Structure formats: C-alpha cells, structure tokens
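This report concerns only the one structure given below.
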Amino acid sequence: MSAVQLPARTITDGPVPKHTQLHDILEELCRTTLKPGDILPGERLLEETYGVSRITVRRAIGDLVAAGKLRRVRGKGTFVAPNPLVSRLHLASFSDEMGAQDVTASSKILTSGRSSAPEDAALFFDTPAQTEHIHLRRLRLGDGEPYSIDDGWYNSTYAPSLLENDTYNSVYAILDSVFNVPITDADQTVSAISADADTAPLLDVPVGTPLLHIVRYSRSGDRPVEWCSSVYRTDRYRLTTRVARENSI
C-alpha cells in the first residue's frame, strides 16, 4: 500500500485529552481514507506527526480496537476492521444481508455430507432419529474476513440432492429455485457462548471470546426445511430490532 496521507490536524493541550483527539483523527482516517483490511500507519509515524507520546498513541488505538474499528494482528500490525454486518431480524440469507451492505460474501465448506441429524433437528424435521439428512457446515466470510460459522442441517425429504449444487453461495436461493421450497418463516433463539478450541481459530479470535449464538428453525410453508446453529463474531455482527408497545386495555 502506498503512503497514507494523514489528516492535517493539530493536537493541543486543553479540556479534551490528547488520546481522545488522536482517536478522532484515526477514526476519520479509517472512515475517509482507509478501507477494511488496510494497515494503520505505524505508531512512530503517528507520534512524530502529531507530537504525542507512545502511551497516547497506544491508548487511542486501543480504544478503536475495543470499539471494533481496528484489529491487531500479532507480528504484522494494526488493520482497519471489516464493517460489521447489521441484521434487522428479518428473514434473509447471509449472502443477501452481506450484499445489501456492500460486503462481498463467500464461504469455506468445513463439512459436507449425509448423516443422522442432532436430536433437536430430527425432532423439528419430524423424522426418525436414524434418518439421514443433509449436513453442511460453512465458515462465512465478508470481504475475505471470518464473520460466522453456520452448522446447517437440511431435510432430505425436500432437498435430497442439495449438495450437488453450488453451496458456496446462498443455500436459500438453491432451496427456492431448485427444490421449490423457499424459506418463508423461521423461529430463532439467540444466546451468548464462548469460542472453544474448534471455533476460535476458524473465526480468528482467542479461545473464550464471547460469540453470538443463533439457532434457526426454518420452514417453507408448513414444511420444516432447515435447522441451523450459527456462531458470530460480536465485533462483526449486530442484531437490531424495532419494538412497539402494545395498546393497553
């Protein structure tokens, strides 16, 4: 990457702490000049440009890391973090949500096959425990960065040859166009869990990092089609919803 033109700002003594002034400068730099994945100028250059101490620089950067605006990579530097994906709790695929926010979605398939589903999924599908269903576990990426892991099971009654299609992209689109079972509604359960030794390296977070856990029960009309357990990086995925007060009698 070519040299970055730092904002021409002066940091002064006054009521606003110097680390806060530098925080605002770096936030502006990330918003107007750099893009997700770009490396932040080095600490020494920031010290010299703005006449502040190493402690001030590190505190400003640390605050932006904590806010999810920057991320540190050991031995490589500090980078602009990917844009967080905001879900408004409407029914949409990961690919659709990414596309709506100008983030390029892609996937890495971790598991692909047929086997007996977990008890919760088999109960939802209303099939005997030994029935084989479609299992598809994928690492979901946005602009090449890990956002989530989807551990999905699909009812083999309605999508028997699902894995013969391009499951690197939207499975919902395949269910609709190939099998005529478009997802029409779903129930979701949201909770918090910690990254374990399996999920942490895939999501590029330390073991024990809090993750958002969503279990989705999806139907096409009255047909149970998908059971999916997903974990999301909390710095890259947010849930928002609008609530209204019911009229009291």
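These numbers come from a predicted model, not from an experiment.
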Can you find a heavy atom in the side chain of [X] that is under 4.5 Å from one in the side chain of [Y]?
X: Tyr147; Y: Leu141; value: no
X: Leu45; Y: Leu6; value: yes
X: Asp176; Y: Val181; value: no
X: Tyr232; Y: Leu211; value: no
X: Arg223; Y: Arg219; value: no
X: Asp126; Y: Pro224; value: no

Just by modelled atom types, is the [Y] backbone N or O under 3.5 Å from a matching donor or acceptor in the [X] side chain?
X: Asn165; Y: Thr167; answer: no
X: Ser177; Y: Ala173; answer: yes
X: Asn155; Y: Thr157; answer: yes
X: Thr49; Y: Leu46; answer: no
X: Asp24; Y: Gln21; answer: no
X: Ser53; Y: Thr56; answer: yes
X: Ser218; Y: Val225; answer: no

With rounding to the nearest 0.5 angstrom, report the [atom1] to [atom2] distance, [X] to [Y].
X: Trp153; Y: Glu132; atom1: CH2; atom2: CD; value: 9.0 Å
X: Asp13; Y: Ile11; atom1: CG; atom2: CD1; value: 10.5 Å
X: Tyr50; Y: Leu22; atom1: OH; atom2: CG; value: 7.5 Å
X: Thr209; Y: Asp204; atom1: OG1; atom2: CG; value: 10.0 Å

For [X] versus [Y], what's the shortest heavy-atom pair and its separation?
X: Pro41; Y: Leu29; result: CD-CD2, 4.0 Å
X: Ser229; Y: Trp227; result: CB-CH2, 3.9 Å
X: Ala195; Y: Pro206; result: CB-O, 3.9 Å
X: Ser156; Y: Arg114; result: CB-NH2, 3.8 Å
X: Val80; Y: Cys30; result: CG2-SG, 4.0 Å
X: Leu26; Y: Ala60; result: CD1-CB, 4.4 Å

Common cluster, [X]/[Y], ILVMFWY with side-chain heavy-atom separation under 4.5 Å:
X: Ile193; Y: Leu203; answer: yes
X: Ile183; Y: Val215; answer: no
X: Ile134; Y: Val178; answer: yes
X: Ile149; Y: Val207; answer: no
X: Tyr168; Y: Val171; answer: yes

Just do the side chain to side chain contact (heavy atoms under 4.5 Å, CB included) check on Lys18 and Arg59 with the steps written out, would you? CA-CA 10 Å; Lys18 289 185 177 181; Arg59 180 164 181 184; over 6 Å; no

Does the distance from a Lys or Arg side-chain N to an Asp or Glu carboxylate O, for Arg138 and Asp151, drop under 4.0 Å?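 Here Arg138 does not pair with Asp151 in a salt bridge, since their nearest N and O are not under 4.0 Å apart.
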
Between Glu28 and Arg9, is there a salt bridge with N-O shorter than 4.0 Å?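 Salt bridge present between Arg9 and Glu28.
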
Below 3.5 Å, can you tabulate the donor-acceptor pairs from side chains in residues 63-72 to any protein atom, sequence neighbours excluded?
from: Lys69; atom 1: NZ; to: Glu27; atom 2: OE2; distance (Å): 2.7
from: Arg71; atom 1: NH2; to: Glu145; atom 2: OE2; distance (Å): 2.9

Side chain to side chain contact (heavy atoms under 4.5 Å, CB included) between Ile39 and Thr78, worked out: CA-CA 6 Å; Ile39 191 168; Thr78 303; 5.9 Å; no

Using a cut-off of 6.0 Å, state whether more than 12 heavy atoms not belonging to [X] lie near its atom [atom1].
X: Asn180; atom1: CG; result: no
X: Asp198; atom1: CG; result: yes
X: Ile55; atom1: CD1; result: no

Going by ring pair (Phe, Tyr, Trp, His ring centres under 6.0 Å), name the pairs with one or both residues in residues 109-133, residues two or more places apart or in two chains.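 Passing the test, one end in residues 109-133: Phe124-Tyr217, Phe125-His133.
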
Does Phe179 form a side chain to side chain contact (heavy atoms under 4.5 Å, CB included) with Ser220? I'd like the steps, not just the answer. CA-CA 11 Å; Phe179 300 102; Ser220 180; over 6 Å; no

Worked check of side-chain hydrogen bond (donor to acceptor under 3.5 Å, both in side chains) between Ser112 and His135: CA-CA 6 Å; Ser112 177; His135 185 200; over 6 Å; no

For a side-chain hydrogen bond (donor to acceptor under 3.5 Å, both in side chains) check, start with the C-alpha distance between Arg140 and Ser107, then their side-chain angles and the critical distance, and finish with the verdict. CA-CA 5 Å; Arg140 310 310 300 273; Ser107 300; 2.8 Å; yes

Please determine whether side chain to side chain contact (heavy atoms under 4.5 Å, CB included) holds for the pair Leu202 and Leu110, giving the CA-CA distance in whole Å, both sets of side-chain angles, and the decisive distance to 0.1 Å. CA-CA 10 Å; Leu202 292 170; Leu110 306 173; 3.8 Å; yes

